[in-house]
Amino acid sequence: MAKRIGSLDDMEQLRKRIVSGIDPNKTMVTICGGTGCQAYGSDKVFQAFTEEVKRQGVDVEVGVKATGCHGFCERGVVIVILPEEICYLRVRVEDVPEIVSETLVQHKVIERLTYEDPQTGEKSVKESDIPFYKHQSRIVFGKNRFIDPKSIDDYIAIGGYEALAKALCQMTPEQVMDEVKKANIRGRGGGGFPAAVKWQTTRSSPSDVKYVIVNCDEGDPGAYMDRSLMEGNPHSVLEGLTIGAYAIGAHKGFVYVRQEYPLATENTICAIEKAEEYGFLGKNIMNSGFDFTVEVERGAGAFVSGESSALMSAIEGRVGEPRPKYIRTSVSGIWGKPSNLNNVETWANVPLVISKGADWYTSIGTEGSKGTKIFSLVGKVNNTGLVEVPMGTTLREIIYDIGGGILNGKKFKAVQTGGPSGGCIPEQFLDKPVDFDELSKVGAMMGSGGMIVMDEDNCMVDVARYFVNFLSDESCGKCVPCREGLRHYHKILERIVSGEGRESDIELLQDLSDVIKDASLCALGQTAPNPVLTTIQYFRDEYEAHIKERRCPAKVCKDLISFYIEPDKCKACMICLRNCPVGAISGDKGLIHVIDQGKCTKCGTCLDLCPTRFNAVTKLSGEPVPPPPLKREVTREKGSEQ
Amino acid sequence: MTEAQEELLSELRETHGYKTQTEVVMDALESLAGRSSASFGSKLSHGVEPHEREEVMRKVIATASKVDEIIDKHGKNDSQLIQILLEIQREYNWLPKEALLWLSERLGVSINRIYQIATFYKAFSLVPRGRHLVRVCMGTACHVRGSMTLSDRASQLLNIDPGETTKDMRFSFETVNCLGCCALGPVIVIDGEYHSKPSTPELEKLLNECA
Ligand SMILES: Cc1cc2nc3c(=O)[nH]c(=O)nc-3n(C[C@H](O)[C@H](O)[C@H](O)COP(=O)(O)O)c2cc1C
Ligand code: FES
């Protein structure tokens with residue numbers, strides 16, 4: 001049983017004891033255990049390392065640690081060897097014996113596994129030299145890579161729970177509140193509402209019982225920052241929550257985790273148990289007289305349950321539907337008690353403000369948005385993963401300097417931020433600084449951190465339809481403007497993408513938007529027009545091409561495209577013919593292949609499988625498919641490919 | 001069983017002519033259900049041949065005691081309703097009707113409220129699901145990288161639409177909104193194993209490997 005920590009002194013001693021047990025020169029292999037890397041088999045890599053180190057009887061003492069997400073998910077499995085900070089990417093089990101014998105024993109770098117710049121071909125060995133990391137400032141998220149999420153000592157070793165000790169032992173709740181107010185932390189869940197204002201309302205609401213809640217519902221599709229924080233560094237969130245509870249005067253907290261994140265649930269429960277052992281949670285925390293306990297609640301899969309009043313009814317065991325908020329949840333929330341809800345990342349910022357002070361914190365960011373923001377940089381970008389940058393960093397810096405530009409040298413078309421509530425931002429705004437206020441000016445919003453990059457092959461009408469489809473699926477149906485409005489949105493957009501659009505449809509969509517925006521009950525409906533309106537505003541020509549020419553310029557919308565094999569490029573290799581799932585391709589060895597347009601389901605298998613050196617399959621849109629060639633024999637020139 | 005219970009049981013056997021313990025409990029269940037609006041008893045005995053009756057009863061009783069176990073773990077409190085349902089779902093991979101009726105009785109909440117929750121949230125299934133679960137991510141990141149195509153292909157290979165189960169109960173196929181590994185999109189998850197962007201032949205191979 002761990003010793004209970006009763007004072008600042010205790011805390012400092014504990015940290016010293018833990019740190020003194022760690023040899024900074026000891027070789028330590030940290031293996032990313034985030035979801036992305038797990039999908040690439042990080043568990044097996046971890047096991048292979050443990051076994052291989054034993055098998056090769058390495059004399060130097062080597063530690064192996066599975067940590068939280070490092071962020072560079074695209075290149076998983078990511079490992080970093082400390083103290084040299086050698087970073088290996090795309091590590092597979094087969095590489096492990098070599099890494100142990102070469103790098104761990106002989107300190108030689110294996111070039112093949114290091115980062116290579118796709119443009120310049122330049123290699124980077126050290127993690128901090130890799131452009132993806134170099135341009136970030138990972139004050140919240142960066143701790144993940146030093147911590148085994150199941151080990152509280154790891155967190156304490158890097159200064160964890162010092163902020164809690166400081167708050168409880170040296171500050172009054174009012175002082176904590178003042179510091180958070182001065183730091184002007186704004187909610188990271190999307191809205192950007194000042195945390196201190198919400199805290200103050202809950203604090204001043206008359207009631208003995210108050211609640212604080214972590215929102216880890218993360219419904220925004222395409223975003224996974226909260227997941228990685230909650231899985232990778234649950235203590236930082238719990239520490240922030242406890243400090244907040246102290247300032248607010250709450251004695252019970254909830255962590256609401258979405259059902260798709262079982263590892264986040266597991267790690268949070270484990271963290272709560274460990275924190276209780278040290279007395280960071282429970283009765284009379286650090287002898288301050290303050291009691292606080294935390295419970296984990298699992299969501300059951302509903303986007304709208306991430307909304308504050310909906311989330312609170314879900315915690316009560318009822319259906320997670322929003323209610324009108326004439327009375328705020330900070331006044332009347334769970335079981336009618338004042339309840340303060342903040343996003344995972346908002347809570348994780350709190351310990352930083354307390355330990356380093358509001359002055360330090362406000363030195364980062366822009367006038368109205370302080371600190372950093374974590375983004376999930378995904379889609380058609382070279383370096384996909386999680387990135388943390390100071391507020392005010394431009395979209396261009398994020399997408400090009402950190403993200404390494406667009407995949408396969410294609411042309412950038414738009415970046416979608418703010419999830420289903422946000423909008424699509426075109427190229428002309430790439431130099432906009434990203435913060436709570438700037439992106440709203442162009443009709444989008446920063447949102448909770450999803451940043452989905454789209455290239456010339458993405459159809460913007462299809463994207464609008466995608467979000468509307470998502471939202472009408474997720475609308476709880478309680479209020480008419482949202483339920484019916486989205487249904488009609490969907491009908492109109494379906495019509496457009498299938499080539500049945502009418503000239504008046506664009507105006508109809510705009511009119512409908514006003515009603516949905518003004519009359520919906522909760523922010524799901526109120527912000528639902530954003531993806532539609534921004535795509536109309538910036539990509540009206542694409543809508544018009546669909547409607548007037550029955551043409552999808554990006555060649556995405558199935559009803560408006562055909563797959564076609566170019567006769568002069570086809571080498572009759574039989575690959576597409578054999579793999580077509582519906583047998584729509586005719587031909588033979590030596591006979592040019594032809595797609596039967598009547599049978600074709602447009603699954604794209606032929607396009608995917610046609611060898612790049614032939615490149616014979618293309619997509620057509622807005623033009624008729626040429627008839628099959630009269631002469632079907634493949635002419636083989638001498639020396640040409642077989 | 002305590003002595004008193006044994007005694008009660010043999011008494012019931014004599015007066016009602018029950019043959020087995022299962023039948024006693026079953027009868028009690030049916031009479032309980034008779035009080036609730038849903039047709040628990042009739043549903044269970046309907047279409048069941050007399051010789052199957054005992055088998056069905058055994059199953060129902062096993063389910064009921066499992067539900068009791070889960071309730072004990074979470075506390076007999078209606079605020080735990082969603083958490084309890086999640087655990088039943090995890091246990092059976094769907095929500096069997098008898099489990100819901102039993103839960104309704106035990107927690108004293110109406111069956112309507114349970115159905116309201118079970119139909120609202122995506123995690124719950126009111127029909128049995130196949131042995132293998134195939135999920136294609138339809139999140140934004142996966143969408144822009146072609147998840148529609150991936151889902152169409154899976155649908156074609158499995159010969160079912162999203163939300164359906166194959167007749168032989170081998171596969172259930174679902175689409176989901178973001179699995180939280182957006183960097184790898186488009187993602188397909190087969191029985192918890194993530195696969196990034198498989199081609200049609202690769203996908204076919206993966207599915208064939210599922211017994
Ligand atoms: C439909 C809908 C879904 C939401 N989903 C989430 C979510 O998944 N995570 C989140 O943190 N906030 C979500 N929010 C925002 C919350 O209502 C709330 O504003 C936020 O959690 C407050 O935390 P913050 O002030 O720290 O941002 C959602 C809002 C709406 C309207
Ligand atoms: S969008 Fe597919 S995993 Fe997130």
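Everything numeric in this text was worked out from a predicted model, so none of it was measured. Residue numbers begin at 1 in each chain, while the letters A, B, ... track the order of the sequences.
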Out of curiosity, [X] [atom1] to [Y] [atom2], how far, rounded to the nearest 0.5 Å?
X	Y	atom1	atom2	result
A:Arg465	B:His143	CZ	NE2	6.0 Å
A:Cys603	B:Met148	SG	CE	13.5 Å
A:Arg227	B:Cys181	CZ	SG	6.5 Å
A:Ile315	B:Gln80	CD1	CD	11.0 Å
B:Phe120	A:Ser305	CZ	OG	5.0 Å
B:Tyr121	A:Gln259	OH	CD	11.0 Å

Exercise. For B:Lys197, look at atom NZ and say whether over 12 heavy atoms of other residues, nucleotides or ligands are found less than 6.0 Å away.
Key: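 Not more than 12 within 6.0 Å, no.
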Quiz item: Is the count of non-hydrogen atoms from other residues, nucleotides or ligands lying under 6.0 Å from B:Glu193 atom CD greater than 12?
Solution: no
Closest approach of [X] and [Y], non-hydrogen atoms and distance?
X	Y	answer
B:Cys178	A:Gly222	SG-N, 3.4 Å
B:Ile117	A:Val319	CG1-CG2, 3.5 Å
A:Gly36	B:Leu184	O-CD1, 3.8 Å
B:Gln83	A:Glu297	NE2-OE1, 3.0 Å
B:Ser199	A:Leu609	CB-CD2, 4.3 Å
A:Ala300	B:Leu86	CB-CD2, 4.0 Å

Quiz prompt | Selection from B:Ile84, B:Thr140, B:Leu81 maximising heavy-atom pairs under 4.5 Å formed with chain A | solution = B:Thr140
Region of [X] in contact with chain B, defined by heavy-atom distances below 4.5 Å:
X	result
A:Asp462	both
A:Ser228	neither
A:Val453	backbone
A:Arg318	both
A:Ala314	both
A:Tyr40	side chain
A:Val381	backbone

Quiz item: Does the distance from a Lys or Arg side-chain N to an Asp or Glu carboxylate O, for A:Lys602 and B:Asp152, drop under 4.0 Å?
Solution: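 Salt bridge absent between A:Lys602 and B:Asp152.
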Exercise. Look at the side chain of A:Tyr466 and the backbone N and O of B:Met138, then say whether any donor-acceptor pair between them is shorter than 3.5 Å.
Key: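 Checked: pair present.
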Which atoms of [X] approach chain A - backbone, side chain, both or neither, heavy atom under 4.5 Å:
X	result
B:Asp78	backbone
B:Arg153	side chain
B:Gln156	side chain

Quiz item: Would you say the side-chain atoms of A:Glu474 and B:Asn177 include a donor-acceptor pair closer than 3.5 Å?
Solution: yes
